[in-house]
Amino acid sequence: MDVSHLLEELNEAQREAVTVDQGHVLVLAGAGSGKTRVLVHRLAWLIQVKHLSPLSVLAVTFTNKAAGEMRERTQALLRVSTRPLWIGTFHSIAHRLLRIHWREAGLQEHFQIIDSDDQLRLVRRIIREEGLDENQFPPSQIQWYINARKDEGQRPSSIEHMDHPLTATWVHVYGRYHAYCERAGLVDFAELLIRAHELWLNEPAVLAHYRKRLTHLLVDEFQDTNTIQYAMIRLLAGDSGEVFVVGDDDQSIYGWRGARVENVQFFVRDFPQVRTVRLEQNYRSTGTILSAANALIAHNEGRMGKRLWTAAGEGQPIRVYAAFNEHEEARFVIERIEHWLAEGRRAEEAAIVYRTTAQSRLFEEQLLRASIPYRVYGGLRFFERAEVKDALAYLRLLQNPNDDAAMERVINTPNRAIGQKTVAMLRAQARESGLPLWQAAGESIRQELLPGRARNAVAGFMELILAMRERMGDWTLGNQMQGVIEQSELARHYEKESREKMEARVENLQELVNAAESFILPAEDEEAGLSPLQSFLSHAALEAGETQGADWDDCVQLMTLHSAKGLEFPLVFMAGMEDGLFPHQRSVQESAGRLEEERRLCYVGMTRAMEQLYLSYAEVRRQYGSESYSRPSRFLDEMPTELLQEIRPRMATHRPYPGARPTAADPVDLPFRLGQAVRHRQFGEGMVVNFEGSGEHARVQVNFHQAGSKWLVLAYANLERA
DNA sequence: TCCATTGACGTTTTT
DNA sequence: CGTCAATGGA
């Protein structure tokens, strides 16, 4: 069989990785080195050359997006259906296992996945019920603790150091929370993994079955695996499975949520005769960008070692811009983007990346003012919106009335006169009798434990749910969704909000109905015995959907450094390059390891840039209401100066007080006076109102009649006297 | 039950 | 400074 198409597009290292004949493989894939390509070609190689059944391959990723991309590209390469291939996230794979083996895993048949928001509500409820002080035991902190323990594979009973009073309380809440979930048939994200791991651990027959079937494992983004995920890989591989992992220790940026870079080193230690292949040729960035990134990351210790290179040219220097403050920084960035656009480049080719989400606001304001379309990554996703979750909670309740999280959510949404007091009584009843909320409510009514009005209200709610279930049991998913929204009168709940908000919510609910109508039960869910409703609910939790509706056509991209991982842009701005902000103060304080992770974050950011990279910082930044002066990021010092070009030299001394700008009094050799009328190619006519800097760095502030006030670098702006 | 004021807090995020 | 959640008055 001719397999040249599998190899001809690959470089030597990529080819080596793809064609390793047997045994375990570790691919250290640098940024932009064709990691996904190797993974996909390896998959195709196993099937077409090694004649492996598609059924015996398991490919694992971290995000649904990555899984989808891998499937798509494999499909394009193999030109056969990829249906039988098991490609998915750790969580989706664990989910599938648990659906098939729910009994062996000790789960309820119709268990429901809860997202972190549901989880937090449950934890908060338990903390209150236990009579704990929420200030002393913040729910989010305990939620974090529970997930961290689960990610380490620990159960309340297996946690030592109970002698510490704080820890003891945390473990206690973990135990209570777990009992709640068991009773209500709820499974959180971390539980999916630990439960699947326990399933394999405790049921040798099940493990043996999957070991026999899944003989080849492929793992993407291996440096992001946590303890339990690595344990799952080891367990499934056993002595005979072959494991092919791809990762980059220099791009490990999720240590703070449990990812263990050490797994990369453990892999070489734990698996026999691992073949290590380095992908160091970069197909993305210029030589300058790579040299600076290499120099930066060299400051980290204990690396596996890797040096990116490119066959492309050196490209332009990296521009460093020292802004006076964060407003001026944003103005500078937007001005450079305008310049980029004026050159005929596209907005979507430009990305502004920053360390903290709060930094996006200033850039948004400036982009808005400049009428440049933009898109901010992150934020609420479709299935996380309140109205969508409300509607889904009704469906969850139809499917499983013992779902306490769902019941809490909708018992008084929309308002049906079931207030805090009534709900508290029901909770107390549930707690006393050890029953789910739904059953406790039934008991309370039967035993007449509630005052008359509350009793009627609760009974009315229960009847509503029962009636919906009765009526809609055999309806299609779309009709069920529509029915639930109508009969629950959910829209009523949002009527009091502003018209704009309400319209958006109604639109989202309609979109939810559309999603339900067009939902097709995936074959693997059908095999696992899921109803369309169960499957839909699981998908809603497991893949919360796009951040924003449809991608706008041609937008400047705004995102945190974390969400930039895996992406690439011709023009990249890294903003807020200040010590304290980036590296973040907390990371600096916490440990040397955390600082190294920040450095990797910087490395990730830099290697997103294909053609041009700008690094900017503000000398003064207003933060938490007060102004703070900060040094430029230490990471700037770690890049070779000859690769950097300061666009405006840093001020030798700080200005006497923040915000003071040079005025016409400054000895500046400008062709314009204050009040001078000027003309700009793009912005039209305006008047000079301020100056700063000198020589090629001189800037003027112009009040344009149409475009408003703008700071322009004289050297670029091409201003004419009007 | 609803809105308004007050107070605490202030990395990073996917599943 | 801004946001979010909790509290309290009408």
Side-chain angles (χ1 to χ4, degrees), chain A residues 60-67 88-95 113-121 124 128 134-135 138-140 144 147 150-151 187-194 196 221 224-226 228-229 252-259 326-327 353-362 377-381 383-384 412 414-422 493 495-498 538-547 559-566 576 580-590 594-595 597-598 600-602 604-605 621-628:
Chain A
V60 199
T61 62
F62 273 85
T63 65
N64 294 299
K65 197 175 148 205
T89 62
F90 275 101
H91 291 86
S92 74
I93 285 158
H95 174 235
I113 302 168
I114 55 170
D115 65 13
S116 18
D117 184 58
D118 294 324
Q119 185 186 36
L120 182 63
R121 287 161 181 267
R124 180 174 293 128
R128 285 184 186 163
E134 279 182 65
N135 295 313
S140 58
W144 184 87
N147 289 334
K150 288 189 179 186
D151 284 345
V187 173
D188 61 48
F189 293 132
E191 185 71 21
L192 285 170
L193 301 182
I194 188 175
E221 303 279 15
D224 288 339
T225 50
N226 62 31
I228 198 81
Q229 288 160 342
S252 159
I253 56 173
Y254 287 114
W256 52 274
R257 66 173 198 210
E326 72 275 21
H327 295 281
V353 299
Y354 35 77
R355 178 64 235 269
T356 67
T357 42
Q359 284 169 264
S360 75
R361 248 198 46 224
L362 286 162
Y377 282 61
L380 267 196
R381 324 246 281 298
F383 285 104
E384 290 168 354
N412 200 33
N415 301 349
R416 36 178 83 88
I418 304 177
Q420 285 296 312
K421 239 170 63 190
T422 308
H493 180 64
E495 268 167 16
K496 282 149 244 155
E497 293 192 64
S498 73
S538 302
H539 276 262
L542 231 37
E543 26 199 310
E546 287 294 315
T547 292
M559 68 197 81
T560 63
L561 284 155
H562 282 89
S563 28
K565 194 174 125 188
L581 187 59
F582 188 38
H584 199 276
Q585 191 59 42
R586 296 223 179 177
S587 304
V588 176
Q589 280 167 350
E590 214 171 304
R594 280 274 178 270
L595 177 63
E597 185 160 304
E598 295 277 303
R600 292 194 288 267
L601 196 52
C602 186
V604 165
R621 182 177 293 273
R622 200 171 184 90
Q623 232 181 345
Y624 310 144
S626 58
E627 298 198 299
S628 60

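Note on naming: letters A, B, ... go to the chains in the order of the sequence lines (proteins, then strands), and numbering restarts at 1 for each one. Any value given below was found using the heavy atoms of this structure, including those in side chains, with hydrogens, waters and symmetry copies removed.
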Seminar exercise, completed: Residue pair A/Tyr624/A/Glu543 against DNA chain B: nearer the 5' end by closest nucleotide is A/Tyr624
For this session: Answer with base, sugar-phosphate or nothing: what part of the nucleic acid does A/Phe62 contact at a heavy-atom distance below 4.0 Å?
Result: sugar-phosphate
Problem set entry | Nearest-nucleotide pick for A/His91, side chain only, options being B/dT15, C/dA6, B/dT11 | B/dT15
For this session: Nearest whole angstrom, please: distance from the P of B/dT15 to the CG of A/Asp115.
Result: 12 Å
Exercise. What about A/Ser116: does its side chain form a donor-acceptor pair under 3.5 Å with the base of B/dT15?
Worked result: yes
For this session: Take atom NZ of A/Lys565 and atom P of B/dT13, then tell me their distance rounded to the nearest Å.
Result: 13 Å
For this session: Remember a base hit wins even if backbone is also touched, and classify A/Asn64 as base, sugar-phosphate or nothing at under 4.0 Å, heavy atoms.
Result: sugar-phosphate
Exercise. A/Asn412 side chain to A/Ile418 main-chain N or O, any donor-acceptor pair under 3.5 Å?
Worked result: yes
For this session: Syn or anti for B/dT11, please, going by whether the chi angle lies within 90° of 0.
Result: syn
For this session: Please state how far atom CD in A/Gln623 lies from atom C1' in B/dC9, giving the value in whole angstrom units.
Result: 13 Å
For this session: Figure out the OH/P separation between A/Tyr354 and B/dG10, and round it to whole Å.
Result: 20 Å
Exercise. Has the side chain of A/Asn147 got a donor or acceptor atom that lies under 3.5 Å from a matching backbone atom of A/Asp188?
Worked result: no
For this session: Would you tell me if any nitrogen or oxygen in the side chain of A/Arg586 comes within less than 4.0 Å of OP1 or OP2 on B/dG10?
Result: yes
For this session: Just compare B/dT15, B/dT1, B/dT13 and give me whichever is closest to any side-chain atom of A/Asn412.
Result: B/dT1
For this session: Let me know the distance between CZ of A/Arg381 and C1' of B/dT15, rounded to the nearest Å.
Result: 8 Å
Exercise. The side chain of A/Leu542 lies closest to which of these nucleotides: B/dT11, C/dC1, B/dT15?
Worked result: B/dT15
Problem set entry | Interatomic distance where CZ belongs to A/Arg416 and P belongs to B/dT1 [whole Å] | 12 Å
Exercise. At under 4.0 Å between heavy atoms, what does A/Asp224 touch on the DNA or RNA strands: base, sugar-phosphate, or nothing?
Worked result: nothing
Exercise. Do other residues, nucleotides or ligands put more than 12 heavy atoms under 6.0 Å from the CH2 atom of A/Trp144?
Worked result: no
Exercise. What is the distance from atom NZ of A/Lys565 to atom OG1 of A/Thr63, rounded to the nearest 0.5 Å?
Worked result: 9.5 Å
Problem set entry | Candidate nucleotides C/dT3, B/dT11, B/dT15, ranked by approach to the side chain of A/Arg361 - the nearest | C/dT3
Problem set entry | Which nucleotide in B/dT1, B/dT13, B/dT12 has an atom nearest any side-chain atom of A/Arg355 | B/dT12
Seminar exercise, completed: Ranking B/dT15, C/dA6, B/dT13 by distance to the side chain of A/Ser563, first place goes to B/dT13
For this session: Pick base, sugar-phosphate or nothing for A/Glu598, based on heavy-atom distances below 4.0 Å to the nucleic acid.
Result: base
For this session: Indicate, with a heavy-atom threshold strictly under 4.0 Å, whether A/Ala417 touches base, sugar-phosphate, or nothing.
Result: sugar-phosphate
For this session: Could you pull out all residues at least two apart from A/Glu326 that satisfy salt bridge (Lys or Arg N to Asp or Glu O under 4.0 Å)?
Result: none
Exercise. Is A/Ser587 touching bases, backbone alone, or none of the nucleic acid, heavy atoms closer than 4.0 Å?
Worked result: base
Seminar exercise, completed: Regarding the side chain of A/Thr356, the nearest nucleotide among C/dG2, B/dT15, B/dT12 is B/dT12
Exercise. Is the ring of A/Trp256 stacked on the base of B/dT12, with centres less than 5.5 Å apart and planes under 30° off?
Worked result: yes
